[in-house]
Amino acid sequence: MPFTFANIDNRACLVLGDNFYDLNRVSQDTIGSDPMSALSDIDALRQVSSALTNNEPDGSLSDAKLGAPVPKPRNSFGVGLNYKDHAEESKMDLPESPVIFSKFPSCIAGPFDDVELRATSGDYEAELVVVIGRITRDVIAEDAWEHVAGVTAGQDISDRRLQLGARPPQFGLGKSRDTYGPTGPLLVSPDSFANVDDLQLTCEINGDRRQDARTSSLIFNVPYLVSYLSEVMTLVPGDLIFTGTPSGVGMPDKRFLVAGDVITTTVEGVGTMVNICR
Ligand code: ZN
């Protein structure tokens with residue numbers, strides 16, 4: 001049974017249309033209210049989701065304050081140069097194996113939170129973000145989607161000077177300033193989509209469309225990435241994978257983010273995040 005999950009006022013909720021349902025209430029206290037704890041059992045989420053319409057909703061999504069669907073992931077991975085056209089605009093060779101870096105979990109922010117620029121070299125990167133849903137070790141690519149709770153939208157905001165100023169470059173710090181990881185607005189289970197490997201991803205800055213791609217053009221697709229990572233380390237529910245950004249980032253033309261910029265990020269079937277730079 002597909003489900004759509006949200007973090008509303010730091011409580012785990014399921015979403016149906018414009019209605020949301022408090023998971024702890026509709027599960028009769030069998031699922032915890034904390035989003036991280038609720039995400040640890042996706043079978044329970046699916047079960048509650050299948051009988052959701054037997055309940056009265058707790059409110060309307062349009063009035064709700066949405067937080068990051070996974071507010072405190074244990075691990076948060078980024079993937080560098082995972083779209084051909086972005087590798088080209090970055091003047092880098094195509095990777096032969098995934099380029100993985102740590103986007104430290106402390107940078108995770110909500111879908112409508114401000115991005116606090118701390119430098120003049122901040123750049124946007126719209127991405128599909130994958131949320132692990134099971135303890136996952138050595139999964140083969142064919143089975144990988146079974147281990148994913150869902151997908152959401154993300155911004156891999158990057159401080160290019162911090163990222164590329166060191167020799168060799170240090171992605172970890174450059175991608176991890178406080179608030180540089182907006183995610184959301186909803187976490188949507190893979191079986192909700194006709195083809196979860198082919199979703200449109202767009203990014204606008206002040207209404208100007210800078211990025212527009214489909215996730216079917218990822219060099220290393222989601223099943224490959226989950227399988228690849230799970231061979232190195234055990235993945236746990238809530239671990240995030242920022243799967244990489246397509247072309248159109250600000251760096252090639254030095255169009256860096258400035259205070260007041262409005263970043264609008266959309267993933268088809270997931271929704272739209274709006275983050276304002278301060
Ligand atoms: Zn990225």
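First listed ligand is number 1; within each ligand, the first listed atom is number 1.
- Note: the hydrophobic cluster containing Val262 does not contain Ile205 (ILVMFWY, side chain heavy atoms under 4.5 Å, direct or indirect links).
- A side-chain donor-acceptor contact under 3.5 Å links Asn24 and Asp29.
- The atom name of the N/O/S atom in Glu125 closest to the Zn ion (ligand 1) is OE1.
- For Ser121 and Asp159, the side-chain atoms include at least one donor-acceptor pair closer than 3.5 Å.
- Nearest to the Zn ion (ligand 1), among the N, O or S atoms that Asp156 has, is OD2.
- Between the side chain of Glu127 and the main chain of Gly244, a donor-acceptor pair closer than 3.5 Å is present.
- Closest to the Zn ion (ligand 1) among the N, O or S atoms of Glu127 is OE2.
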